[in-house]
Amino acid sequence: MSTNITFHPGSVDAQERVDLLKQKGVTIWLTGLSASGKSTIACALEQHLLHLHKFAYRLDGDNVRLGLNKDLGFDEKSRVENIRRIGEVSKLFADSACIAITAFISPYIADRQVARTLHEQSGLGFIEVFVDAPLSVVEQRDPKGLYKAARAGEIKNFTGISAPYEPPENPELHIRTDECDVAQAVEIIIEYLTKHDYIS
């Protein structure tokens with residue numbers, strides 16, 4: 001635990017940043033089983049927002065676990081720390097008036113609540129999006145063969161098979177990817193952002 005730390009405020013306050021960039025910072029937290037469609041939606045959403053000339057950035061396993069969190073494994077303690085760090089980083093992005101898009105399984109309700117609380121305590125938006133598809137559907141998709149390997153016992157602690165996934169109880173958005181395509185999912189999120197004045 002760090003001690004003797006004094007926060008040094010910058011010269012730009014939150015409202016000035018929002019006024020200049022013409023958008024409010026927010027984290028869009030995509031959660032769901034592997035192969036539910038989180039990363040695909042996150043990529044499409046980031047591209048769509050950038051084409052609208054909005055400041056957006058995507059955080060996912062590839063750009064986080066290869067750098068910031070490369071010291072973490074996949075045991076429960078490491079997964080909790082992984083999500084804690086992502087919550088802190090996405091909060092910094094949202095504080096910069098960025099639309100931060102996270103795409104992580106983040107299987108535990110308590111860990112997602114920690115991320116939400118971090119944002120709310122700083123007056124920042126947090127939109128939990130449950131990217132939902134039945135286990136039978138995601139197992140059929142299985143683009144990386146992970147479910148097959150987990151069923152064969154080759155992968156331990158695999159979420160949805162040998163490790164739990166706790167679905168959100170009250171997400172801001174619930175998107176069933178077995179019932180809509182990527183474009184429709186992006187449209188749902190954009191409509192929410194517009195309705196709640198994160199973008200105009």
Side-chain angles (χ1 to χ4, degrees), residues 2-32 37-70 81-106 111-131 168 170-175 180-200:
S2 300
T3 58
N4 299 320
I5 295 175
T6 302
F7 180 76
H8 184 86
S11 301
V12 180
D13 65 27
Q15 191 57 52
E16 182 180 4
R17 200 183 299 274
V18 167
D19 291 344
L20 289 169
L21 293 174
K22 296 179 173 54
Q23 67 181 64
K24 290 195 295 187
V26 61
T27 290
I28 301 169
W29 192 281
L30 304 175
T31 176
K38 299 180 302 301
S39 293
T40 303
I41 293 170
C43 289
L45 177 61
E46 179 185 38
Q47 184 180 48
H48 186 81
L49 285 166
L50 289 171
H51 282 231
L52 293 175
H53 303 286
K54 300 302 177 184
F55 175 31
Y57 191 75
R58 175 177 46 88
L59 297 167
D60 63 19
D62 288 338
N63 62 18
V64 171
R65 280 215 178 247
L66 290 175
L68 177 68
N69 292 351
K70 66 182 180 181
E81 176 61 11
N82 183 52
I83 298 305
R84 187 196 71 78
R85 292 183 194 178
I86 294 159
E88 292 282 2
V89 171
S90 63
K91 186 193 83 168
L92 291 174
F93 273 82
D95 186 52
S96 75
C98 179
I99 299 171
I101 306 162
T102 75
F104 296 89
I105 295 172
S106 47
D111 296 341
R112 298 192 301 266
Q113 184 58 48
V114 167
R116 179 186 292 276
T117 300
L118 277 172
H119 286 70
E120 291 176 347
Q121 288 176 342
S122 297
L124 298 167
F126 185 90
I127 302 167
E128 186 175 41
V129 182
F130 180 22
V131 182
N170 294 293
E172 278 72 18
L173 293 171
H174 185 170
I175 297 175
C180 73
D181 61 21
V182 176
Q184 290 170 317
V186 169
E187 184 178 351
I188 289 167
I189 298 170
I190 292 294
E191 285 180 359
Y192 186 94
L193 290 173
T194 305
K195 179 180 178 182
H196 291 84
D197 297 321
Y198 287 107
I199 61 173
S200 57

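V182 and A44 get closest at one heavy-atom pair: CG1-CB, 3.6 Å. K91 approaches S122 most closely through the heavy-atom pair CD-OG, 3.8 Å. L21 and A97 make their closest contact through CD1-CB, 3.7 Å (heavy atoms, listed as atom of the first residue, atom of the second, distance). Of all heavy-atom pairs spanning G25 and Y198, the tightest one is O-CE2, 4.0 Å. In plain terms, the two heavy atoms of G87 and A115 that are nearest each other are CA-CB, 4.1 Å.
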**OP:** Report the C-alpha distance between I175 and I189 in whole Å, list the side-chain angles of each, state the deciding distance to 0.1 Å, and finish with yes or no for side chain to side chain contact (heavy atoms under 4.5 Å, CB included).
**Re:** CA-CA 9 Å; I175 297 175; I189 298 170; 4.0 Å; yes
Subject >> Pair S90-W29, side chain to side chain donor-acceptor pair (under 3.5 Å): steps then yes or no >> reply: CA-CA 9 Å; S90 63; W29 192 281; over 6 Å; no
**OP:** Under the side chain to side chain contact (heavy atoms under 4.5 Å, CB included) rule, what do I101 and L49 come out as? Steps first, then yes or no, please.
**Re:** CA-CA 11 Å; I101 306 162; L49 285 166; 4.1 Å; yes
Original post:
Y57 and N63: side chain to side chain contact (heavy atoms under 4.5 Å, CB included), yes or no, with the steps?
Top reply: CA-CA 11 Å; Y57 191 75; N63 62 18; 3.7 Å; yes
Original post:
Yes or no on side chain to side chain contact (heavy atoms under 4.5 Å, CB included) for L45 and I190, after CA distance, side-chain angles and deciding distance?
Top reply: CA-CA 8 Å; L45 177 61; I190 292 294; 3.8 Å; yes
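A distance of 11.5 Å separates SG of C98 from CG of L124, quoted to the nearest 0.5 Å. The CZ atom of R116 lies 5.5 Å from the CD atom of E120; values are rounded to the nearest 0.5 Å. The CD atom of E81 lies 4.5 Å from the CZ atom of R85; values are rounded to the nearest 0.5 Å. Separation of atoms CZ (R112) and CD (E128) is listed at 5.0 Å; rounding is to 0.5 Å. The distance from atom CG of N69 to atom CD1 of I86, rounded to the nearest 0.5 Å, is 5.5 Å. Atom OG1 in T27 sits 10.0 Å away from atom CG in D95 (nearest 0.5 Å).
Partners of F130 under the ring pair (Phe, Tyr, Trp, His ring centres under 6.0 Å) rule, at least two apart in sequence or in another chain, are H174.
Between L193 and I127 the shortest side-chain heavy-atom distance falls below 4.5 Å. Side chains of F126 and T117 form no contact here, defined as non-hydrogen atoms less than 4.5 Å apart. Looking at heavy atoms from C-beta onward, S106 lies out of side-chain contact with D111 at the 4.5 angstrom threshold.
H196 places a side-chain N or O within 3.5 Å of a backbone atom of Y192 that can act as its donor or acceptor partner. Looking at Q184, its side chain does come within 3.5 Å of a backbone N or O of D181 through a donor-acceptor pair. With hydrogens and angles disregarded, no donor-acceptor distance shorter than 3.5 Å links the side chain of K38 to the backbone of L30.
Test Q23, R17, Q15 against D19 for side-chain hydrogen bond (donor to acceptor under 3.5 Å, both in side chains) and you get one pass: Q15.
Within the structure, salt bridge (charged side-chain N to carboxylate O under 4.0 Å, His left out) contacts touching residues 48-60 (residues at least two apart or in different chains) are E46-R58, R58-D60.
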